[in-house]
There are 2 protein chains.
Amino acid sequence: MQPDAAQRPTLADVAARAGVSQSTASLAFSGSGPVSAATKERVLAAASDLGYAGPDPRARSLRRGRSGIVGVVLEERVRAAFLDPVKIQMLDGISEGIAPLGAGLLLLTDTGEAGENAVSIESAPVDAVVLVGCSPRLGVTIEALRRRGIPAVAIEGDTGEDIPEISIDNLQATRRGAEYLRQLGHTDVAIVTLPFDAARTRGPLTRELLESSTAATASQRLAGAREIFPEATGRAAGASSIEEGLEAARALLADPENRPTAIIAQSDLLAAGVIQAAEELGMQVPADLSVLGFDGIRVDGLQHDLTTLAQPSVAKGRAAGEAVVQMLSGEPPASRCFTSTLHVGDTTAVPRTAG
Amino acid sequence: MQPDAAQRPTLADVAARAGVSQSTASLAFSGSGPVSAATKERVLAAASDLGYAGPDPRARSLRRGRSGIVGVVLEERVRAAFLDPVKIQMLDGISEGIAPLGAGLLLLTDTGEAGENAVSIESAPVDAVVLVGCSPRLGVTIEALRRRGIPAVAIEGDTGEDIPEISIDNLQATRRGAEYLRQLGHTDVAIVTLPFDAARTRGPLTRELLESSTAATASQRLAGAREIFPEATGRAAGASSIEEGLEAARALLADPENRPTAIIAQSDLLAAGVIQAAEELGMQVPADLSVLGFDGIRVDGLQHDLTTLAQPSVAKGRAAGEAVVQMLSGEPPASRCFTSTLHVGDTTAVPRTAG
DNA sequence: AGTCTAGGCCGAATCGATTCGATCGGCGAT
DNA sequence: ATCGCCGATCGAATCGATTCGGCCTAGACT
């Protein structure tokens, strides 16, 4: 084993030294039971002598059946989530929402890869989890949680199950944004979407791709756009990032003869990439190309005030955290749907009349 | 208990149904032992029938002595850490560094408040922890970890113990920045520091405050500045935030007759606050006041290109994660010290010659 | 053909604490 | 004075899995 095989003292050792039974010693620590002040002090003194650091959380949680940990399932590498301001805001909100529990936040990813020693969703000592983001693997994850009997709440995920969902008006919001573009006079609009499937397939919006979609957010936002522009096509990005937006937009704008006058991006980061691509090609935003984002974050380094659909990310996280608290206290949790607002910045304008 | 008292199946149930012993069933799951393919399949089938979701992580970690979780101790509320870009970058690096473990990342705070059910540093099922940031409570925390026998690595914390430390050249870097200010011609320089003590005392840099300092980072950076400007004084902020920088700078610039020509802020966020305060007072940066930051992050909304000491935050986190991996595999971990570089932006200039 | 070997499986101890039910004085009430 | 009750404490079962040592049997080697 470990080189420092010097056995750490256990509650039994402490009890023995204090001359009380193990059960009494336990009571002295947890405080959940009648113990005389004198005895308690004696136990604490013995613990101090022995360098006992308090009950082992592993044993405690085995016995109690609760670990005091809430899992947060991110759909991607932790690193990627940290780079996404929306995720950070949600995490922030979640941490605020579960504060009354005093529980820790365990970051997990939904990649499906489970190493030998790895802590995955299938095997993490959590009392509840919050599913963050529209992960394509949602179904599998939920099934695993159900089997383990772990309560869950989803943020932006069409679970189709009995787990509460915290969402926003993806379809209506996008429709509102699209409508704004139409009012400005746009008719030729392209879309850069979030990933649709588990493989995060990048490329044109083929019918197969859409039909195989497991990502509700991307589908809903697309549907909202198509209620206004039924013919609109575009490309799916491999993630919500500036880089992916750049790549998708390069493809959409490749042919100078045949460019849309506006691009609807399903996230602000994608929108930032789109703008970058347009400027690379010598186009001006919004004169030559209007760009609509989604999220309402500030994109670092972006010189524009993005026209976008601002969603209350922190509030979503907080609501999810509160739902967790409710579930753990036995109350039936409620789903909630928040509303996004259209922020008009300087990346949208009347289209330049085509020649 | 829980309303869903329908007992979840245990390994024993699975074993019984498969007609094998519990030990064999365990082997079938963990794969660490000789089990015939047929038996293994039978066990797995039984598990599937019963809806068994795999070994309970709580029991497993009690027996194995490892939880597969690495704790990250933040010196403040999780929320605050999420708002600090430096922290996020470090988290990012840590997650990258511990990737080979496949371990989860548990976010913990070092506030010392331990509620009834709360998971604190004293009682979290972690295999190791990374102490992030220069928490004034470091000593107490480390003592608790030592008693529990949990290996730790500190980022920016003078532990004075045998735990490895990942740091940067705080003193030398600040001296370099201060030297640059002196070369520009500044002689009257004030300093806005990070908190020195557990109470995060805000206010003038009194001798008592400095002597009671438990925060190495603040002390080192101050020492570096004073090697160039021995007489420099200033104020301690209550945290690394724009708000705190604003408040400290308001005090330092309160008297129009007696203003420094430059302010050294111990973080970029503080520097942003300083700039804001100066502009509030009608001063121009850098014409009326030079401002030097520390960190090298991009501060959202800041219109300046801050002159600052850029530190490799991600690399620090990654190094810490790697050190954790080493410690858990028994190797003696090594401390590392990274180097910061002076980035000259547009917030520093030759001082306006005093009347 | 006899013995040795090793794979495959089982029993039981163990990890460290929590908690239910029982025991035992001592004290207030009748 | 006695009954009953309550607070303090103890014993022992329990949480759910891992793992060490031992046993059995079939195949291999001489």
Side-chain angles (χ1 to χ4, degrees), chain A residues 1-2 5 7-43 46-47 50 52-68 116-117 122-125 127 147-149, chain B residues 1-2 5 7-43 46-47 50 52-68 116-117 122-125 127 147-149:
Chain A
M1 301 293 168
Q2 293 287 46
Q7 290 292 345
R8 223 149 273 293
T10 73
L11 190 57
D13 300 328
V14 173
R17 187 173 224 275
V20 301
S21 77
Q22 212 184 118
S23 34
T24 303
S26 174
L27 274 310
F29 273 100
S30 69
S32 54
V35 180
S36 72
T39 307
K40 182 167 182 175
E41 199 172 332
R42 201 144 37 87
V43 172
L50 263 38
Y52 179 69
D56 184 317
R58 292 179 283 254
R60 177 204 288 264
S61 73
L62 169 59
R63 186 62 240 248
R64 294 236 248 231
R66 280 203 181 180
S67 63
E116 171 58 25
N117 201 19
E122 282 79 28
S123 70
D127 295 338
R147 287 160 75 101
R148 293 186 56 201
Chain B
M1 301 296 167
Q2 293 287 47
Q7 289 293 345
R8 225 148 270 294
T10 73
L11 189 58
D13 300 327
V14 173
R17 188 172 223 278
V20 299
S21 77
Q22 211 184 119
S23 35
T24 303
S26 174
L27 275 307
F29 272 100
S30 69
S32 54
V35 180
S36 73
T39 307
K40 181 166 181 174
E41 199 171 333
R42 201 144 38 86
V43 172
L50 263 38
Y52 180 69
D56 183 319
R58 292 178 282 254
R60 178 204 288 265
S61 73
L62 170 59
R63 187 63 243 250
R64 293 236 248 233
R66 278 204 184 180
S67 63
E116 172 57 24
N117 202 18
E122 282 79 28
S123 70
D127 295 338
R147 287 160 75 104
R148 293 187 56 201

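Residue numbering restarts at 1 for every chain, and letters A, B, ... go by the order of the sequence lines.
The side chain to side chain donor-acceptor pair (under 3.5 Å) search around B:T39 returns B:S36, not counting sequence neighbours. With sequence neighbours excluded, the residues forming a salt bridge (charged side-chain N to carboxylate O under 4.0 Å, His left out) with B:R17 are B:D49, listed by chain and number.
Taking atom CG of residue A:L62 and atom P of nucleotide C:dT18, one finds them 11 Å apart after rounding to whole Å. Atom P of nucleotide D:dT18 and atom CZ of B:F29 are separated by 9 Å, given to the nearest angstrom. Atom-to-atom, CZ of B:R64 to P of D:dA17 comes out at 12 Å; the value is rounded to the nearest Å. To the nearest angstrom, C1' of D:dT14 lies 15 Å from CG of B:D13. Atom C1' of nucleotide D:dT14 and atom CZ of A:R60 are separated by 17 Å, given to the nearest angstrom. Taking atom CG on A:L11 and atom C1' on C:dC15, their separation rounds to 13 Å, with Å as the unit. Between the CD atom of B:E41 and the P atom of C:dG8 there is a distance of 15 Å, given to the nearest Å.
The bend of the helix from C:dA1-D:dT30 to C:dT30-D:dA1, defined by the angle between the axes of its first five and last five pairs, stands at 30° to the nearest 10°.
Going from atom NZ of B:K40 over to atom CG of B:L27 covers 10.0 Å, rounded to the nearest 0.5 Å. Note: A:S30 OG to A:R64 CZ = 6.5 Å, rounded to the nearest 0.5 Å. Taking CZ from B:R60 and CG from B:L11, the interatomic distance works out to 10.0 Å, rounded to the nearest 0.5 Å. Distance check: A:R148 CZ to B:R8 CZ gives 10.0 Å after rounding to the nearest 0.5 Å.
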Scan nucleotides 5-12 of chain D against the protein and return all N/O pairs shorter than 3.5 Å with their distances rounded to 0.1 Å.
from   : atom 1 : to    : atom 2 : distance (Å)
D:dT9  : OP1    : A:S36 : OG     : 3.3
D:dT9  : OP1    : A:T39 : OG1    : 2.3
D:dT9  : OP2    : A:S36 : N      : 3.0
D:dT9  : OP2    : A:T39 : OG1    : 3.3
D:dC10 : OP2    : A:S21 : N      : 2.8
D:dC10 : OP2    : A:S21 : OG     : 3.4
D:dC10 : OP2    : A:T24 : OG1    : 2.7
D:dG11 : N7     : A:S23 : OG     : 3.2
D:dG11 : O6     : A:S23 : OG     : 3.3

So which protein nitrogen or oxygen atoms get under 3.5 Å of nucleotides 26-29 of chain D's nitrogens or oxygens?
none

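The shortest non-hydrogen separation linking B:V14 to B:A47 is CG1-N, 3.8 Å. Nearest heavy-atom pair, A:R58 versus B:P125, reported as atom, atom and distance to 0.1 Å: CG-CB, 4.5 Å. Taking every heavy atom of both residues into account, B:Q22 and B:A12 meet most closely at NE2-CB, 3.7 Å. The heavy-atom pair separating B:A28 from B:V35 by the smallest distance is N-CG2, 4.1 Å.
A sub-4.0 Å separation between OP1 or OP2 of C:dA17 and a side-chain N or O of A:Y52 is present. Side-chain nitrogen and oxygen atoms of B:R58 include none within less than 4.0 Å of the OP1 or OP2 phosphate oxygen of D:dG16. Within the 4.0 Å cut-off from OP1 or OP2 of D:dT14, not a single side-chain nitrogen or oxygen of A:R63 is found.
Judged purely by atom type and a 3.5 angstrom limit, A:D127 uses its side chain to pair as donor or acceptor with the backbone of A:S67. In terms of modelled atom types and a separation under 3.5 Å, the side chain of A:R147 and the main chain of A:E122 share no donor-acceptor contact.
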**Message:** Does B:Y52 form a side chain to side chain contact (heavy atoms under 4.5 Å, CB included) with B:D13? I'd like the steps, not just the answer.
**Reply:** CA-CA 9 Å; B:Y52 180 69; B:D13 300 327; over 6 Å; no
**Prompt:** Nucleotide by nucleotide, 5' to 3', does protein get under 4.0 Å of the base (B), only the sugar-phosphate (S), or neither (-) in nucleotides 22-28 of chain C, counting heavy atoms?
**Reply:** -------
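Inspection of the A:S21 and A:T24 side chains reveals an N or O donor paired with an N or O acceptor under 3.5 Å.
Minimum atom distance to the side chain of A:A59 is reached by C:dA17, of the listed D:dT19, C:dA17, D:dA17.
Using a 4.0 Å heavy-atom criterion, one finds that B:S26 contacts the bases of the nucleic acid, with or without backbone contacts as well.
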